[in-house]
Amino acid sequence: MELCNYCNQKSKAAQNLNALELEKLELNCNPVTFRKGDRIMIQNALSFSLVYVKSGMVKVHVMGPEREQILKITKGPCYLGIPTTVGAKINQYSVTAIMETQVCFIGVDIFRELLMTNGNFAYQIVLDLCRNELQNFQKYINQLQKQGPGKIAEALLHFSDKVFNDLNYELPITRNELGDLTCTSRETVSRILTDFVQNKMIEVDNRHIKIINKKQLEMISQMG
DNA sequence: GCATTAACCACAG
DNA sequence: CTGTGGTTAATGC
């Protein structure tokens, strides 16, 4: 087993742990590598561990009454499942790898113990949860009040700014999933993308996206 | 009414 | 898995 002490991808929170605490963590930390498409957490399953994504990329999604809803696409390093594991026992959502992803499953009991005994650790976790919630509020508003082009523009910019830090990138998901992420249909996604191409805002080659006119995309994203 | 927007269906690469 | 065309329903001048 990998030793947490020597882990080169320690979270900001875990950097506050002392040798003894890291040893405890080690006993309840199980590293696993997932392939693209593998389910890491399953909605409605009982779970006693949360997930620390060391590297890779995942989608967090729920099956709603009508359709699949993607809550977010996120890359490591990050914690996932803290709300649903610490706050509930049954997973409220699923997590699926969209590329090769290395994670550690961390037992909820040891995690609770660390929260209670190490304030600096706990503070970093709270900080993380806060940022997450704010980001979620932002997404609610965007998705509820913007119309199609605004939502798609926002998603494209999100990948460019927050995920890849590049104007050129490989879209990690299908058009269908992009629809599930932005609350539109795959048909609408593909129409809007060709529209963006015709208006010279982006270039598209299958999954490859190149943002040419970022200003205008931002305009559309903001105007809705 | 008429225009806009987007979902649903169908069908073709 | 994607792109496109037709149809339909909702919404807003």
Side-chain angles (χ1 to χ4, degrees), chain A residues 33-44 53 55-76 78 80 91-103 135-224:
Chain A
T33 299
F34 289 94
R35 297 293 200 82
K36 178 187 166 100
D38 289 345
R39 204 62 78 87
I40 297 171
M41 271 180 62
I42 300 178
Q43 184 179 6
N44 295 327
V53 180
S55 66
M57 198 175 290
V58 301
K59 66 171 178 178
V60 180
H61 53 118
V62 291
M63 195 52 190
E66 289 291 326
R67 71 189 78 261
E68 170 96 344
Q69 176 68 50
I70 297 180
L71 299 173
K72 64 175 171 183
I73 308 285
T74 190
K75 65 172 178 175
C78 68
L80 288 177
N91 290 333
Q92 304 293 299
Y93 43 78
S94 294
V95 176
T96 303
I98 55 177
M99 56 181 67
E100 182 166 304
T101 298
Q102 292 185 314
V103 311
Q135 199 176 320
N136 284 330
F137 288 166
Q138 193 64 43
K139 187 162 189 286
Y140 296 155
I141 296 176
N142 286 333
Q143 299 305 326
L144 287 173
Q145 299 191 359
K146 284 179 188 173
Q147 42 190 38
K151 294 192 274 195
I152 302 299
E154 145 123 6
L156 293 178
L157 289 168
H158 172 81
F159 282 120
S160 172
D161 294 337
K162 304 287 168 56
V163 181
F164 297 105
N165 302 314
D166 196 336
L167 293 174
N168 277 290
Y169 59 85
E170 290 294 323
L171 201 60
I173 51 177
T174 66
R175 308 292 149 105
N176 208 338
E177 289 173 311
L178 192 51
D180 290 340
L181 178 66
T182 53
C183 307
T184 53
S185 63
R186 67 167 189 83
E187 292 98 324
T188 299
V189 169
S190 107
R191 283 181 175 120
I192 290 172
L193 285 181
T194 53
D195 185 63
F196 284 175
V197 169
Q198 280 165 7
N199 287 302
K200 309 235 182 313
M201 284 178 264
I202 58 172
E203 280 171 14
V204 176
D205 182 19
N206 289 322
R207 295 284 189 91
H208 193 87
I209 305 287
K210 180 178 183 182
I211 296 179
I212 306 168
N213 191 340
K214 187 173 178 182
K215 277 266 151 38
Q216 200 177 349
L217 263 192
E218 281 168 345
M219 281 270 290
I220 290 178
S221 172
Q222 282 163 21
M223 294 311 203

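Per chain, numbering begins at 1; letters A, B, ... match sequence-line order.
H61(A) and D180(A) share no donor-acceptor pair across their side chains, judged by distance under 3.5 Å alone.
Remark: P of dA7(B) and CG of L178(A) are 12 Å apart, rounded to the nearest angstrom. Rounded to an integer number of Å, the gap from K151(A) NZ to dA6(B) C1' is 9 Å. In this structure, H208(A) places its NE2 atom 18 Å from C1' of dT2(C), rounding to the nearest Å. Atom pair Q147(A):CD and dT4(B):P shows a separation of 12 Å (rounding to whole Å applied). To the nearest angstrom, P of dC9(B) lies 14 Å from CG of N176(A).
Phosphate proximity of dA7(B) to R67(A): absent, as no side-chain N or O sits under 4.0 Å from OP1 or OP2.
Only one option out of V197(A), T182(A), I152(A) pairs with I192(A) in a side-chain contact (heavy atoms from CB on, under 4.5 Å); it is I152(A).
Within the model, atoms OG of S221(A) and CG of N142(A) stand 6.5 Å from one another, a figure rounded to the nearest 0.5 Å.
D38(A) places a side-chain N or O within 3.5 Å of a backbone atom of R35(A) that can act as its donor or acceptor partner.
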With salt bridge (charged side-chain N to carboxylate O under 4.0 Å, His left out) as the criterion, how do K146(A) and E154(A) come out once you've worked through the C-alpha distance, each side chain's angles and the decisive distance to 0.1 Å?
CA-CA 10 Å; K146(A) 284 179 188 173; E154(A) 145 123 6; 2.8 Å; yes
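Residues meeting the ring-ring contact (aromatic ring centres under 6.0 Å, His included) test with Y169(A), sequence neighbours left out: F164(A).
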Could you write nucleotides 3-13 of chain C as a row of B, S and -, 5' to 3', where a protein heavy atom under 4.0 Å of any base atom gives B, of only sugar-phosphate atoms gives S, and otherwise -?
BBBB-------
